[in-house]
Number of protein chains: 2
Amino acid sequence: MFPVSSRSQYGIRALVYLARKQGHVATASEISSREGISAKYLEGILTTLSSAGLVLGERGKNGGMRLARDTSEITMRDIVQALDGQVRPVACVDAAGDCSQGGACLPRRFWLGLKSVIDEYLESHTLKDVSES
Amino acid sequence: MFPVSSRSQYGIRALVYLARKQGHVATASEISSREGISAKYLEGILTTLSSAGLVLGERGKNGGMRLARDTSEITMRDIVQALDGQVRPVACVDAAGDCSQGGACLPRRFWLGLKSVIDEYLESHTLKDVSES
DNA sequence: ATAATTCCTATCGGCTTAATAGGAATATAT
DNA sequence: ATATATTCCTATTAAGCCGATAGGAATTAT
Ligand code: FES
Ligand code: FES
C-alpha cells in the first residue's frame with residue numbers, strides 16, 4: 001500500500017548523488033553506473049527533473065547534470081511531484097465525484113486529510129536533509 | 001501519486017454503509033446497488049473484510065454482513081491493511097536493500113518517516129469518525 | 001569532424017487490478 | 001423436503017500502468 005514508484009526512488013537517489021557533487025556536473029551514465037540504475041531509464045528521469053527546474057542539464061561534450069538550486073531549497077515534494085504528479089490518494093481530491101454521499105462526503109474529508117499529512121511531510125523534508133548525514 | 005486502490009475505497013464506503021445500519025445486517029447486493037459498486041467485486045471485498053475480522057458474514061437466507069465491532073474500534077488502518085496490505089512506500093521499509101548507501105541509507109530513513117506519518121494518520125481515524133457527521 | 005552528452009518519441013513485455021463468471025457451502029422460509 | 005437467498009471460494013479475462021529499451025535528433029566541447 002502507498003507504493004512509491006521506481007521513478008521517484010531513482011530520481012531521489014540521483015539527486016542525492018548530485019547533492020554530494022556540490023553543484024558540479026555528473027553525467028546520467030555516471031550516476032546510473034554508480035547507483036546501479038538502468039542508464040536509459042535514468043536519463044529520462046533526469047530530463048524530467050530538468051524540465052521541472054530541479055536540475056540543469058548541460059548538453060554536449062563535458063556536459064551533464066547539476067543541481068539547479070541549493071539542496072535546502074529542493075523539497076522532497078518538489079521531486080516526487082515532478083516525477084509522479086500531485087499527491088492524490090483518490091480522484092475526488094480534486095472534485096467530489098459520484099459517490100452516494102454528495103457534497104458532505106465524509107470519506108472525502110478523510111482522504112483530503114491524508115493528502116495533507118503526506119504533503120506536509122514531503123514539504124518539510126528537503127534534499128539537504130536526505131543527502132546529509 | 002499515492003493512489004488508494006478501488007478495493008480500499010469500496011471497502012470503506014461499504015463499511016460506512018454498514019456503520020449506519022447500527023449493527024444490523026445488510027447484504028452485499030444491497031450495498032452494491034446503493035453505493036453503485038460492482039456487485040460481485042464488492043462481494044469479494046466484503047469476504048476479505050470478514051476474514052480480517054472486521055465484519056461478520058452470516059450465510060444463507062436472511063443472511064448478510066454486519067460490523068464485528070463498534071465503529072470506534074475499527075481504525076482506518078485496519079481497513080486498508082486488510083484490503084491492500086501494510087503501508088509500505090518502498091520495499092526497503094522491511095529490509096535495507098541493495099542501494100549504494102548500505103545501512104546508513106538516508107533515503108530509507110526518509111521513507112520510514114513517511115510510512116510513520118501515514119500509519120499514524122490512518123490509525124488515529126476510526127470508522128466512527130468517517131461515518132458520523 | 002568527432003565524440004559525448006542531453007533531449008525527444010515510440011514501443012514492448014510484464015505485472016497489477018478491476019471486473020466477471022460459475023459454482024460450492026450454508027442457512028432460512030415455506 | 002424443497003426452494004431460495006446468501007456468503008464464500010477459485011478461475012479467468014480485459015485493460016491499464018510502468019519499468020525498461022531502442023533509435024535517433026539537437027547541442028556542445030575538443
Ligand atoms: S466524493 Fe470521493 S468518496 Fe465521496
Ligand atoms: S535501502 Fe532503500 S533507498 Fe537505500
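Within every chain, numbering begins at 1; the chains are lettered A, B, ... in the order of the sequence lines, protein sequences first and strands thereafter.
- Separating the CD1 atom of B:I37 from the C1' atom of C:dT17 is a distance of 16 Å, rounded to the nearest angstrom.
- The distance between atom CG of B:L42 and atom C1' of C:dT17, rounded to the nearest whole Å, is 16 Å.
- Map B:M65 and A:D84 each onto its nearest nucleotide of DNA chain D; the residue landing nearer the 5' end is B:M65.
- Among residues two or more places apart in sequence or in another chain, the side chain to side chain donor-acceptor pair (under 3.5 Å) test is passed with B:S131 by none.
- OP1 or OP2 of C:dT20 has at least one side-chain nitrogen or oxygen of B:S38 nearer than 4.0 Å.
- As rounded to whole Å, 13 Å separates atom C1' of D:dT21 from atom CD1 of A:I45.
- Each ring pair (Phe, Tyr, Trp, His ring centres under 6.0 Å) pair with one or both residues in residues 112-133 of chain A, not counting sequence neighbours, appears once here: A:Y121-A:H125, A:Y121-B:F110, A:H125-B:F110.
- Here salt bridge (charged side-chain N to carboxylate O under 4.0 Å, His left out) pairs that include residues 53-63 of chain A, with residues two or more places apart or in two chains, are A:E58-A:R66.
- For B:S72, the side chain to side chain contact (heavy atoms under 4.5 Å, CB included) partners at least two apart in sequence or on another chain are B:D70, B:K128.
- Contacts of residues 4-11 of chain A with DNA chain D (heavy atom under 4.0 Å): A:S5, A:S6, A:R7, A:Y10.
- Per the geometry, CZ belonging to B:R13 stands 13 Å off P belonging to C:dA18, to the nearest Å.
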| field | Sequence-aligned protein contact record of nucleotides 24-30 of chain D, with B where the base is within under 4.0 Å of a protein heavy atom and S where only the sugar-phosphate is | value | B-BBBBS
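- Taking the side chain as every heavy atom from C-beta outward, B:E73 and B:L127 never approach each other to under 4.5 Å.
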| request: Carefully, step by step, assess A:V16 and B:L106 under the rule side chain to side chain contact (heavy atoms under 4.5 Å, CB included). | output: CA-CA 9 Å; A:V16 167; B:L106 289 165; over 6 Å; no
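- With sequence neighbours left out, B:D119 forms a salt bridge (charged side-chain N to carboxylate O under 4.0 Å, His left out) with B:R77, B:K115.
- In this structure B:D84 satisfies the salt bridge (charged side-chain N to carboxylate O under 4.0 Å, His left out) test with no other residue, sequence neighbours excluded.
- In this view, B:A26 and B:Y17, B:L18, B:K21, B:E30, B:I31 satisfy the side chain to side chain contact (heavy atoms under 4.5 Å, CB included) rule, not counting sequence neighbours.
- The distance between atom OH of B:Y41 and atom P of D:dT12, rounded to the nearest whole Å, is 18 Å.
- By the side chain to side chain donor-acceptor pair (under 3.5 Å) test, B:T27 pairs with B:S29, sequence neighbours left out.
- Residues satisfying the salt bridge (charged side-chain N to carboxylate O under 4.0 Å, His left out) criterion with B:E120, sequence neighbours excluded, are absent altogether.
- Nucleic acid contact for B:G44: none, since no nucleic acid atom lies under 4.0 Å from a heavy atom of the residue.
- Against DNA chain C, the stretch residues 46-56 of chain A makes heavy-atom approaches under 4.0 Å through A:T47, A:S50.
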